[in-house]
Amino acid sequence: MQQEAAAVGTTNFKGMTLERHIREEERNHPGARGLFTRLVTQITLAAKIINAEVNKAGLVDILGLTGEVNVQGEEVQKLDEYANDVMRKALDHTGSVAALASEEMEDVYVIPGEYIEGGEYVVLYDPLDGSSNIDVNVSIGSIFSILRRKGESGPTELDDFLQPGVSQICAGYVIYGSSTMLVYTTGNGVDGFTLDPSVGEFFLSHPDIQIPERGKIYSINEGNSSKWDESTSRYITYLKEEDAESGRPYSGRYIGSLVADFHRNLLKGGIFLYPGDKKNPSGKLRLLYECNPMSFIVEQAGGAASDGHRRIMEIQPEKLHQRVPFIVGSKHDVADAIRFMSRGGN
Ligand code: P6P
């Protein structure tokens, strides 16, 4: 029998690391001076640190509520607060970031001038999305969006953040689930990296992600159906009808964590909706640090994102924590939903 080669360790080099991928992406941005690479590398460091805490959340006393309430009027989970601090500390000394904005901070956080070298970027993030799922062990995530400042010099202001989604130069999310993945785009497609905890490195596991043009999954909180607009009700009813030719009825899947629901649909196809309704015409999700980054990713993967009438990435933001109705996923499914929303549903 042929002598089996002796096993040499268990961790073979798995090829493209996230850090190498970022450096190669930077080459697509002429004039970039490594500041972008340093910035995204720091975000991945923050992701690893948050991941370590999320993975042991059940073991240490960081569960439960701080008793405080954030700018959204939501009770702040300790891990939310922790993740916000980790992201801020990872980014505030990179030299390339002029200011930060977070779901957990009421106002923009301007980084002191002595820590800015070039400082052409501003970063928006939701440090721990889906926080209500933290202590029931359901997948949660971090979402980030990177913009260039509007002005070359002078103080960084709120106006530097109020840019439409088409101005993003990078967007991504981290999903802390059965494995920890970082998915991001700089406008040249979407790539997914899986963390190998044994070496503490993200490796390319999902190159060039493309969302199926049409799915068989719809994701919406049916508990809100009594508040839905007529057009939303008609669209969801349409998805539940029996019609083999169009692959209906779709399956309902709703995790209640945007990153988890989005990630499943990105890989399998489908549509996620957090629409406006009679009680909350603007819906629940935040334009700048939830909907815009997810929209950049889905469009780069061949999908679409709308508020029911407008392309999400063309909406001109007016407020930092502005909410918008959010319909995102496979392009043909989003087109169907828009048809119902714009014609009152038929
Ligand atoms: P609901 C989590 O709190 C979150 O911000 C998103 O991650 C998620 O998609 C949505 O809210 C869930 O909201 O009202 O269905 O519980």
Side-chain angles (χ1 to χ4, degrees), residues 47 50 54 57 63-66 68-84 87 101-105 124-145 171-177 180-181 183 217-229 232-233 236 252-266 270-295 297-298 303 305-308 312 320-329 334 337:
I50 294 167
V54 166
L63 287 182
L65 304 177
T66 60
E68 295 163 20
V69 172
N70 68 10
V71 296
Q72 326 298 341
E74 297 161 343
E75 291 183 316
V76 179
Q77 296 261 2
K78 287 180 182 175
L79 213 48
D80 265 343
E81 209 170 71
Y82 173 79
N84 188 57
M87 286 289 272
S102 161
E103 179 173 63
E104 299 297 330
M105 299 190 293
L124 301 105
Y125 57 92
D126 181 355
L128 211 58
D129 172 75
S131 52
S132 56
N133 292 309
I134 290 174
D135 41 8
V136 292
N137 217 10
V138 167
S139 297
I140 51 182
S142 304
I143 310 170
F144 63 89
S145 170
Y173 62 84
V174 184
I175 179 165
Y176 310 101
T180 295
M181 273 191 71
V183 176
I217 292 170
Y218 76 99
S219 190
I220 190 170
N221 185 339
E222 303 254 9
N224 294 331
S225 59
S226 62
K227 297 181 288 186
W228 289 346
D229 298 336
T232 302
S233 299
I236 300 302
R253 294 284 185 277
Y254 193 72
I255 300 168
S257 265
L258 171 62
V259 173
D261 281 314
F262 178 91
H263 185 70
R264 178 204 55 240
N265 289 356
L266 182 70
I271 186 167
F272 171 91
L273 306 96
Y274 209 109
D277 59 34
K278 296 162 190 165
K279 187 179 173 195
N280 303 298
S282 297
K284 174 180 184 182
L285 300 177
R286 310 293 177 170
L287 173 59
L288 286 178
Y289 42 79
E290 289 174 333
C291 301
N292 268 345
M294 297 316 233
S295 300
I297 291 166
V298 84
S306 169
D307 69 352
I312 289 286
L320 189 61
H321 301 290
Q322 174 175 343
R323 300 174 195 266
V324 290
F326 194 39
I327 298 160
V328 61
V334 172

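In what follows, every heavy atom counts, from backbone to side chain, and hydrogens, waters and symmetry copies are set aside. Read the numbers this way: they start at 1 and go in the same order the structure lists the ligands and their atoms.
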If the cut-off is 4.0 Å to any non-hydrogen atom of Gly256, which atoms of ligand 1 fall inside it?
2 (C), 7 (O), 8 (C), 12 (C)
Give the atom numbers and elements of ligand 1 that come within less than 4.0 Å of a heavy atom of Phe272.
9 (O)
If you look at every heavy atom in Ala47 and Tyr176, which pair is closest and at what distance?
O-CE2, 3.7 Å
Taking N or O atoms only and a 3.5 Å limit, does Asp129 qualify as a polar contact for ligand 1?
yes
Minimum heavy-atom distance between Asp126 and Glu290, given as atom pair plus value
OD2-OE2, 2.8 Å
Arg323 side chain vs Gly283 backbone, donor-acceptor pair below 3.5 Å
no
Using a 4.0 Å cutoff against the non-hydrogen atoms of Gly130, which atoms of ligand 1 qualify?
2 (C), 7 (O)
Under 4.0 Å from one or more heavy atoms of Asn221, ligand 1 contributes atoms 1 (P), 14 (O), 15 (O)
Hey, are Asn292 and Ser145 close enough side-chain-wise for a donor-acceptor pair under 3.5 Å?
no
Heavy-atom closest pair (Val328 atom, Val334 atom, distance to 0.1 Å) is C-CG2, 3.8 Å
Do any N/O atoms on Ser257 end up under 3.5 angstrom from N/O atoms on ligand 1?
no
Counting only heavy atoms, which portion of Phe262 has something under 4.0 Å from ligand 1: side chain, backbone, both, or neither?
neither
When every non-hydrogen atom of Ser295 is compared with those of Ala305, the smallest separation belongs to OG-CB, 3.2 Å
At a 4.0 Å threshold, what atoms of ligand 1 neighbour a non-hydrogen atom of Tyr254?
1 (P), 12 (C), 13 (O), 15 (O)
Answer with side chain, backbone, both or neither: which part of Leu258 has a heavy atom less than 4.0 angstrom from an atom of ligand 1?
both
Please state whether the rings of Tyr289 and His321 are parallel, tilted or perpendicular, taking 30° and 60° as the class boundaries.
perpendicular
